[in-house]
Structure formats: C-alpha cells, structure tokens
Amino acid sequence: MTSKNYLLKSIKGNLRRNLWLSILFFLAFFAAGSVQTLVSLDAAKHTASPYPNGFTMEEYLQWTLWRNISLTNSLTIVLVVVCAALAAFAGFFYLYSQEKTDFYHSLPLKREKLFAIQYLSGFLTFLCPYLLSVLITLGVGGVYGALSPRIFMAAGLQVLFAVVYFLAVYGAGILAVLLTGNLFAGILGFAALMAYGPVLYLTYTELNDRFFDTILMPLRTDVPGTFFSPVTAYIQASNYYGSDSPVTVYLIYGILLAAVLLLAGVLVYRLRPSESFHKTIAFKKLEPVIKVCGLPPLVLLIAMFFSGQMYAGFFWLVAGALVLTLIFSAIFDFLCTMDIRSALKPRVSTGVILAGMILILGGYQMDITGVDRYLPREDQIASMSVYFNSINGQFGYPEGNDVSDMSAFLRENKVEDFQDIYALAQKGVEYYEQEGPYDQQESAEAGDPQVQVTCYIAYHLKSGRDVYRMYDLPETEELVENIGQIYDNWEYREKVLPTSYIDPADVENIFTSSFLETGKPLEASKNSMDTLIKTYKGELENLTFAQTREEKIVGYMELQEKAQTDQGYYQYDDYIYSYYLPVYESFERTRDLLENMGNPMPNEVSPEEVESVRLSRYVSANEADLYQEKIFQDQEEIEKILEQITLTEGRFTVGSPVNYDVNVEIRWKDQEKDPVSLYLMENDSLSGILDQLYQQNTD
C-alpha cells in the first residue's frame, strides 16, 4: 500500500514539476484544434449558398468540423510526434546528469517502478491537455450546431490513434535517451530511430532501381516501407482514413510497436549503467553494432545520389561508397570517443563496413541472385497477370483500377490459365539474357530503331508471394502472335476490357465521334442508352485480336459517369469521369442503334463530299525537325486515301498497320463543316501516295 501511495505521489510530483510542459502542450493543441475549428466553422457559417459539394448548411458545418476533429488533421499528427519526443526527453533527462542519476538510483525503488513513474508521468503530461483540447473543440462544434454521431466517432478515432502513436514515438524517444549519455547524442539517436527504417527501405529500392532492369517495384504507398517508422505509419493511416483502404492494420501496428518499445525501454533501463551519463552511447559493446548497422544505408544512399550524376556510374558509386564509409566512420568514432587521434585509427568495424560495401555492390553489379533472370517454374505459379501499354494503355479504367499503381492493377487482374503469359515471360527473360536492356537512343544512333513492346508481368506464386517484372521486347510477328493468344483468352479479356468496369446505370451522358463529326451528344432515353451499352459490350468482347489489327475504327463513344469522391464524412459527386470506347467497322448492331438514334458512324467517307485531303508529318533529319505535307485533290488518290482512314482512339498499337507518323486532314466541300484529323492504315495501295509526301521538303 505504501509503495502504491508513493507511486501516485511521485507521479503527482512529476506532473507539478512538468506543469510548464502540460501548459505548452495544451496551448499547442488548443491552437491547432479548438482555435482552428472555431475559425473554420465561423467561415463555413458565413459561406453563401449554394454550399460546396451540394451540402446543406448543417452538413457543411458538420463536414468542416469533421475535417478538424478527425484523423485527417495533419497538424495534430505533427504535434503528437513533437509532444512525444519532448515528453520522453523531459521525463528521462535526469539520466544525462550525474547528480540526478545518483539521486534517483539511490531511492529504495526497483528500476522497473522508477521507470513506470517517469513513463506514466510523461504520458499523463500529454494526455490531460490533449483530451481537454478535444473536449473544447467538440464544445465549439456544439455551439455551431455541428455535432453528430459521426463527429463523435471521428473524434474518438483521432484520440485513439493519437494515444497509440504518442506511446510508440514516446517509447522510441525514451529508448534513444536510455541508449545515449548526452543530449546531442540523444537527439541524434531519436532521429535515427525515426528515420532508419525509411532510409533502409529507400536504399533497398534505389539499389534495385539502379542495378536491375526488369524489376517492377510495387507502387502502392502501403508497402512495408511505411511500417519501418511510427511516423510514416501514422501519416499513412491519416492518408487512408476516409477512403476505401482500412486503417485497422495501422492501429494494430501502433499498439504492437508501443508495447515492444515499452518492454525494450524497461529492459534497457534495468541494464543501463548509472555512470553512462558521460558517454555518447551508454553501452560500449553496442558502438560497433550501431556503427555497422547504421552507416551502410546512409552511405549507399548518398553515394548513389552523387554517382548518378557521373557517366561512369558504377566506378563512382564504389569509390564514393568507400570514401564516405571512411569519413562517416571517423565521425562516428569521434562522437563516441571525443578523441580525434582515436577516431582516425583503423577499426575492425570500419573494415567490416568496407567489406560489406564491396560485397553488396559487387553482388548487385553481377546480379548474383538472378533478379533479372528470374523465371519460376510453372508448377510454382498459382496465376499470372500482364499489362501491355499497347493494349491496356488505350483504354480508360476507373479510379482504384487504373494504372497509376501498376502492381495493384496486376493484382486485381489475375489469370489462372497463364500458359501464354508464361511463354511471353520466357521470351522476356531470354531476350534480356541475350541482348540486355533495350536502349532506345543507342538503337537510333545505330540506324536500326526497333519498335518495342513493353510488358508488365506478375507471378502470383502458390507460396503467396507476388513477383513483378517488366520487359521491353522487339515487335516481331512471333511476339504479336503470342500477345494475340493472350488477348483471345477470355479469362484475360473479360478482366481488362473497360466494359467489365462500366455499369450502364451509372452512365449519365454519351457523346460520339466519327469520320463526319466529333463530340456529338447522344439524344436518347436511359433505356435506349442501356441497350446501346449492352449491345456494344457484346460486340467488343467477341472481337478477336486479329480483327483489332485488320479492321478500321470508324468512331468512338465517350461514356460519361459521375465519379464519387469519398471524403470520409460524405460521398459527393465531384467530377465527370469519361471512358473512350472504340467502335470497329464490324460492330453493325451498335452502329445500327447509333444511326437510329441520330448519331451515325459510317464505315467510309464519300469522295463526293471531300474537297481535298492533306497528308502531313514531322521527321527528324540532320538533328532538325522537318515538316512535310502534301495536298491531294485528285479524285482517284482521294478515294485510295479514304479507303484506309481510321480513328486511333482505342486502337491497339501492337501489330498495328496504322502509320502514326502521318496525319490525315479532310477538308469538306461543305465549308461549314470543320476539317477532321484522322490516320491511315497503311498498305501497298498507298505506297505511291506516301512517296509523294516523303519527297516534299518544306523550308
């Protein structure tokens, strides 16, 4: 009982001594929370109708309060991290003083209880003013009539995350103090604990990017790198809150990290020698361990940055890494010993780092792990997926399924019947082993530029691991045939065609473009538009890859739907999202429906309506751009050109007969009709016509 009373009295005494810190914390949270909310709500209340996002006055006030009281408030995150660091150093700062350390350690208390007193005191120093500021903020919201059950839920979640991540950062700050013997070293140690994980992960990704040509790193921001530091995890949780991505995993991570750091702090405090106040690192045996583990990522990152500016990149990378290792090792040793002569002496730890640098860089340079040659056995693969710039890049996909995150797209579009994709991957590996990475500039200088097809491939292994690769392959007929086999596999085509993402019920408007006109609105009922979309869906999904190469695109439909943005409190219509869908000449049912609705898409243009056709192109010659053009007015030549015209919207570029260098502009006899720009599907009938264009020189 006496021990318990002493514990409570000690905590109360610490809170009184640290009252200045509690007041500082309160003022910071009061300004960032209550004052900011007051200003925002007052501005929202005096905003004239109509309110943003279609809100009512009440909804707009609630949404404004939600932004200030929820996890999305970035200023609160900054303050939680800063307060945790200040509380850790303020509570355990006595360890940097001989007199105070001797006093505290002479008390008839076990180290665990002494640690608990300081730990709980620092936590309460933060918790009380923070909770008070949250209550005041809610009171401000109540005055403006902006409170609702969702507001209380958002506030509760913010408090929960703030407490959890305060404890995580607080535990890291305490550990930094316990492992060091002076304030300067403690600050460096805390910064290292916060930044080491992200720097390590960044170094790993930069090394992979520098040395490996085929590797495709996951692009999502919730990759393991965000879990290497409580600060990055806290920020990422804030970014995900209010979206479809769950934040529960970040809460669990924060709780586990706080518990681990608490246990580590108790253990280190029990073992920490009382005389450590005069040392840079409290435990002498940890100096070489910290040095060997801490310096290489920083050295490699800096060396890669500077060597990236040099032509002989690898030589300068190795030289820079070795020189920087010697410099940083000497600085580290000086900070530990405060003796220049001792810092300049050769040390085993420095030799270990130098040897490690040589092994790491040499291993990456020789690719001893076979990253670029990676090809798992078929029996190890559960499914595969592939993305082609030349096919998928011609379509639009809804947000969340677009290709801004290639790895996410590949994860969402798996194919279990993957033999043709595997054959493509084999071609990629074999070509890389024989030719190495494709260099477009080198190929152009050699006078033999090749058309390259970029393929992004994912192996979804039975072990649960996903491996991503990217290959650039020359466009040969064999490759085009392989891609055609992949495309004609219904399991692949069903997933990647945009019709699989479009719900006719969501389509608000349809605009059409053809050889005759561009952007014409479709005047039709909702039922008629639904019938059109379903008819088009069937014809597009039955189109083979061979047909996409042979047929002209006679028009395209722009389907517009309202995209919903989720701001966590309300979902509201924010913008119009468009899908551009190609209409091929064989889509007779779709074209019939369009014609009946007043938006015809003829598969040819009548020569009688055309006044002239202008062909033009830009070509590089003698390091200068040369513009060439030729106007054709001869009826026979016009007919030949009109037989081969096509729109390119949605046209697959792999294996395509379209000459993308030549632009076709049709001028009509009807002067009120605007000129139309098209492209040519090149064949032998156009050879003479194109020769006339190529012979033109415009000064």
Side-chain angles (χ1 to χ4, degrees), residues 390 394 444 447 449 451 475 511-521 548-558 580 582-587 591 594-595 599-699:
S390 49
Q394 310 309 311
V451 177
E475 187 185 285
F511 295 85
T512 64
S513 296
S514 66
F515 295 147
L516 305 178
E517 53 194 344
T518 301
K520 182 179 180 181
T548 66
R549 299 181 62 191
E550 298 166 358
E551 293 187 14
K552 295 190 295 184
I553 293 179
V554 298
Y556 63 87
M557 298 188 298
E558 179 188 354
Y580 294 90
V583 178
Y584 289 82
E585 57 183 324
S586 65
F587 289 10
R591 291 169 54 210
L594 287 170
E595 186 169 3
N599 292 53
M601 286 187 181
N603 62 354
E604 59 184 16
V605 174
S606 173
E608 284 74 19
E609 299 180 30
V610 177
E611 175 70 27
S612 64
V613 177
R614 184 177 69 174
L615 303 185
S616 60
R617 72 166 186 162
Y618 282 95
V619 60
S620 296
N622 299 323
E623 299 183 355
D625 287 336
L626 178 67
Y627 178 71
Q628 297 175 322
E629 73 169 8
K630 172 69 175 177
I631 297 177
F632 296 88
Q633 293 179 310
D634 180 77
Q635 194 73 7
E636 184 179 348
E637 291 177 328
I638 289 177
E639 288 179 5
K640 289 182 179 180
I641 294 172
L642 294 180
E643 288 176 356
Q644 298 303 123
I645 58 173
T646 181
L647 292 167
T648 58
E649 193 73 45
R651 162 70 64 179
F652 299 159
T653 56
V654 60
S656 173
V658 176
N659 188 329
Y660 293 96
D661 294 330
V662 177
N663 180 263
V664 182
E665 184 180 282
I666 296 178
R667 294 188 177 273
W668 309 97
K669 290 180 180 179
D670 183 354
Q671 299 297 319
E672 295 183 0
K673 294 180 65 174
D674 295 328
V676 179
S677 294
L678 306 165
Y679 288 86
L680 288 174
M681 295 182 67
E682 191 171 350
N683 64 8
D684 293 339
S685 68
L686 296 174
S687 57
I689 292 174
L690 292 177
D691 286 342
Q692 294 181 55
L693 170 66
Y694 299 158
Q695 292 168 7
Q696 299 298 311
N697 292 326
T698 301
D699 296 329

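Side chains included, hydrogens not; waters and symmetry mates left out as well; all remaining heavy atoms used.
Counting only heavy atoms from C-beta outward, the side chains of L647 and L678 approach each other to under 4.5 Å. The closest side-chain heavy-atom distance from V664 to L615 is below 4.5 Å. Side chains of T648 and Y660 form a contact here, defined as non-hydrogen atoms less than 4.5 Å apart. The closest side-chain heavy-atom distance from L686 to Q644 is below 4.5 Å.
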| side-chain contact (heavy atoms from CB on, under 4.5 Å) between L594 and M557, worked out | CA-CA 10 Å; L594 287 170; M557 298 188 298; 4.2 Å; yes
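Residues forming a side chain to side chain donor-acceptor pair (under 3.5 Å) with S513 (at least two apart in sequence, or on another chain): none. Remark: E643 engages no residue in a salt bridge (charged side-chain N to carboxylate O under 4.0 Å, His left out) (not counting sequence neighbours). Residues forming a side chain to side chain contact (heavy atoms under 4.5 Å, CB included) with K520 (at least two apart in sequence, or on another chain): T512, E517, N599. Scored by the salt bridge (charged side-chain N to carboxylate O under 4.0 Å, His left out) test, R614 finds E629, E665 as partners (sequence neighbours excluded). Scanning for side chain to side chain donor-acceptor pair (under 3.5 Å) contacts around E611 gives an empty result, with sequence neighbours left out. E639 meets the side chain to side chain contact (heavy atoms under 4.5 Å, CB included) test with P607, Q635; sequence neighbours excluded.
The main-chain N or O of Y580 is never found under 3.5 Å from a side-chain atom of E558 such that the two would form a donor-acceptor pair. Under a 3.5 Å cut-off, the side chain of R549 and the backbone N or O of V654 do not form any donor-acceptor pair. In this structure, the side chain of K552 engages the main chain of N603 through a donor-acceptor pair within 3.5 Å. Looking only at distances, no side-chain donor or acceptor of R617 sits under 3.5 Å from a matching main-chain atom of Y627. Between the R667 side chain and the S612 main chain, no donor and acceptor come within less than 3.5 Å of each other.
Atoms CG and CD, on L516 and E609 in that order, are 6.5 Å from each other to the nearest 0.5 Å. Here the CD1-NZ distance, from I666 to K673, works out to 9.0 Å after rounding to the nearest 0.5 Å. Atom CG of L690 sits about 5.0 Å away from atom CD of E682, to the nearest 0.5 Å. Here Y679 contributes atom OH and S656 contributes atom OG; the two are 11.5 Å apart, rounded to the nearest 0.5 Å. Once rounded to the nearest 0.5 Å, the distance linking CD1 of I689 with CG of L680 reads 8.5 Å. Taking CD of E551 as the start and CZ of F587 as the end, the distance is 7.0 Å to the nearest 0.5 Å.
Among all heavy-atom pairs drawn from M601 and Y556, the shortest one is CE-O, 3.5 Å. Taking each heavy atom of S606 and V610 in turn, the nearest pair found is O-CG2, 3.7 Å. Considering all non-hydrogen atoms of both residues, Q628 and Y694 come closest at NE2-O, 3.0 Å. The nearest pair of heavy atoms linking I645 to F515 is O-CZ, 3.7 Å.
A donor and an acceptor atom, one from each side chain of Q692 and E637, are located under 3.5 Å apart.
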